[in-house]
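All remarks here apply to the structure that follows.
Here the structure is a predicted model, which means the values were calculated and not measured.
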Amino acid sequence: MLDHLIKGATLVDGTGAPPRTADVGIRGGRIALVEAPGTVTEAAASSEDASGLVLAPGFVDPHTHYDAQLFWDPYATPSMNHGVTTVAGGNCGFTLAPLHPDRPEDADYTRRMMSKVEGMSLKALEEGVGWGWSSFGDYLAALEGRTAVNAGFMVGHCALRRHVMGPDAVGGQPTPEQLDAMVALLHDAMDAGAWGLSTTQSSTHSDGDGRPVASRHALPAELLALSAAVGQHEGTQLEAIVAGCLDQFADDEIDLLVEMSAAAGRPLNWNVLTIDAAVPERVPRQLVPSERARKAGGRIVALTMPILTPMNMSLGTFCALNLIPGWGDILALPVPERIDRLRDAGVRAEMLRRADSKEAGIFRRLADFGRYVIGDTYSPENEGLSGRVVGDIAAERGLDPFHCLVEICANDRLRTVLWPMPTDNDPATWALRRETWEHEDVLLGGSDAGAHLDRMCGAPYTTRFLGDCLRGRRLVPLERAVKMLTDDPARLFGLRERGRIEEGFHADLVLFDPERIEAGPATLVHDLPGDSPRLDSKAIGIVSVRVNGVETLRDDRVTGAVPGTVLRSGRDTRTVSTK
């Protein structure tokens, strides 16, 4: 007997094949049959009529930071609401394990680092996570059986360094014995099921003390030794972030990424490829590592987002504005002193000069302050400004836009929420995106879901992209869009029997209404441990989500079931050839 039968759905199976009508039966967490409508003779414990609805494989998000959130939110919201059934965590060199059992202070260091570098609520990290593990295997065991989604994790380079070197991990170099210990610790993590190694060399990544995170101090020899270890385990990967990921790679960064992938004989993915027709030289430059890696026996894959992900800013709390050269020191001052400095015309002029300089790289996109929209405000002086464009307010007041923005924020003691309007929403850029998506080493993803919780909400990229493909720009047909969200990332990670609707595959499924599928606007909610805030987005048109055959969501309401699996390398992933 079938556990469940979905009848008359428009099947988009993840292979890129044209949609067709089919009945799909589920038994024992797997897809038991895919047959023409009305031809199934086997009885089913339950069934539903899916006429007019699309049935697709569950979406696979290749870049998340749900490492902590899954402990207090087994549903990985809002990702699961938007059809995501499998998440890849442990990215950017940051994981919650391993932790040295003799140094309890390492957990506090890790919490503060994750709060600073990934924008996670420190209160939520303190109150919502048990922190009772030591090894990476202990961490995975703590999650086993308690998640509604499937989740696989890289092991973070920063955690390896901290475990072996202690506080010397920041600023120091390992002895030969310490490097051997780091490699052994990585082997131990992969034996337990870690997907591989993630690392960062990005200049934007600093710890809770404001110092460059541990992996930024690693020399190439260390990275190559760890990469070689990854290649000794089945079904493993590399993920790496360097400074050039934000704009354009330097030659030595390209050399490093190519050498790491070749040393491991494993794919390496990086995040995130920003596409903008105003900077036409960026995409070709960012794909040079992919071209060179294939010649060297490796493979390098660029992740890119298929939507514009809104990210809010503030002069009061840490955000991307702090990363503009010369801005960090000013925005780190106590609020009264910060306001005084920002009101100084000479200071503002220098800040604007630095923001528009070549050294600002991709952050130059943030310097058009006339295109900012005022979000939440907190003072009588700013009443009625929410939703208005700074350039319009500045014209009314006879001020330049940045001066106007500073005065608005000063009225709120710098708590004003600011929303920059995107600069890359033009037809030429969307045409360039569509062209770039066709490259064999470009993959959709990069949501950062689970991180930067009160600043951005990238999780809904799946539903927003599908809505755009069906009723908006229609850049790719539905079957191609679904493949890009399912089978493509599943194949990159070597996921066994996931990413397609095919007999014998795991029944990770999303059922949606093609006339309605979309993502609602990002809104601020206070539902994290400690009543901390985050941005959320409602899913529109998602009828049902199933993970391993069990329904986890119906009409945007979680069912309470937690059928997800901690996906372990080797057991749940196979090695992906780089040849």
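Counted by atom type alone, Tyr75 and Thr147 present zero donor-acceptor pairs between their side chains at under 3.5 Å. In summary, the side chains of Thr199 and His157 do present a donor paired with an acceptor at a separation below 3.5 Å, with no hydrogens or angles considered. Side-chain atoms of Asp61 and Ser447 include a donor-acceptor pair closer than 3.5 Å. Side chains of Asn91 and His65: a donor-acceptor N/O pair is absent below 3.5 angstrom, by distance only. Side-chain N/O atoms of Glu551 and His4 include no donor and acceptor closer than 3.5 Å. Looking only at atom types and distance, the side chain of Asn269 has no donor-acceptor partner in the side chain of Arg299 under 3.5 Å away. Between the side chains of Thr77 and Asp73, at least one donor N or O sits under 3.5 Å from an acceptor N or O.
Between Arg365 and Asp424, at least one side-chain nitrogen of the basic residue sits less than 4.0 Å from a carboxylate oxygen of the acidic one, meeting the salt-bridge criterion. Taking 4.0 Å as the cut-off between side-chain N and carboxylate O, Asp572 and Arg496 do not count as a salt-bridged pair. Salt-bridge formation is detected for the pair Asp13/Arg20: a Lys NZ or Arg NE/NH1/NH2 atom is positioned less than 4.0 Å from an Asp or Glu carboxylate oxygen. A salt bridge does not link Arg500 with Asp508: none of the charged nitrogens is closer than 4.0 Å to a carboxylate oxygen. Looking at Lys7 and Glu35, no side-chain N of the basic residue comes within less than 4.0 Å of a carboxylate O on the acidic one, giving no salt bridge. Using a 4.0 Å cut-off between charged side-chain N and carboxylate O, Asp247 and Arg364 make no salt bridge. The pair Asp488-Lys483 meets the salt-bridge criterion, with a side-chain N (NZ, NE, NH1 or NH2) lying under 4.0 Å from an Asp/Glu carboxylate O.
The side chain to side chain contact (heavy atoms under 4.5 Å, CB included) with Tyr66 is formed by just one residue from the set Val87, Leu143, Val149; it is Val87. The side chain to side chain donor-acceptor pair (under 3.5 Å) test with Arg534 singles out one residue from Asp454, Thr523, Asp527, and that residue is Asp527.
Atom NZ of Lys116 is surrounded by more than 12 heavy atoms from other residues, nucleotides or ligands within 6.0 Å.
In this structure, Arg434 is not positioned above the aromatic face of Trp437 in the sense of NZ or CZ being under 6.0 Å from the six-membered ring centre and within 45° of the axis.
Side-chain contact check for Leu495 versus Thr86: some heavy-atom pair is nearer than 4.5 Å.
Summarising the geometry of Ala9 relative to Leu55, their closest heavy-atom pair is CB-CB, 3.7 Å, with the distance given to 0.1 Å. The two residues Thr304 and Val272 make their nearest non-hydrogen contact at CA-CG2, 3.7 Å. Ile300 and Asp441 get closest at one heavy-atom pair: O-CB, 3.3 Å. Of all heavy-atom pairs between Phe465 and Met484, the closest is CZ-SD, 4.3 Å.
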Checking His205 against Phe94 for the ring-ring contact (aromatic ring centres under 6.0 Å, His included) test, could you report, in this order, the C-alpha distance in whole Å, the side-chain angles of both residues, the deciding distance, and whether it holds?
CA-CA 10 Å; His205 288 159; Phe94 308 121; 5.2 Å; yes
List the steps and the verdict of salt bridge (Lys or Arg N to Asp or Glu O under 4.0 Å) for Glu438 and Arg433.
CA-CA 9 Å; Glu438 296 299 318; Arg433 288 191 179 101; over 6 Å; no
I'd like to know whether Arg294 forms a salt bridge (Lys or Arg N to Asp or Glu O under 4.0 Å) with Glu440, so could you lay out the CA-CA distance, the side-chain angles of the two residues, the decisive distance to 0.1 Å, and finally the verdict.
CA-CA 11 Å; Arg294 286 189 175 273; Glu440 61 184 344; 3.4 Å; yes
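Aromatic pair Phe369/Trp419: centroids not less than 6.0 angstrom apart.
Ring geometry for Phe493 against Trp195 counts as tilted: the plane angle lies between 30° and 60°, on a 0 to 90° scale.
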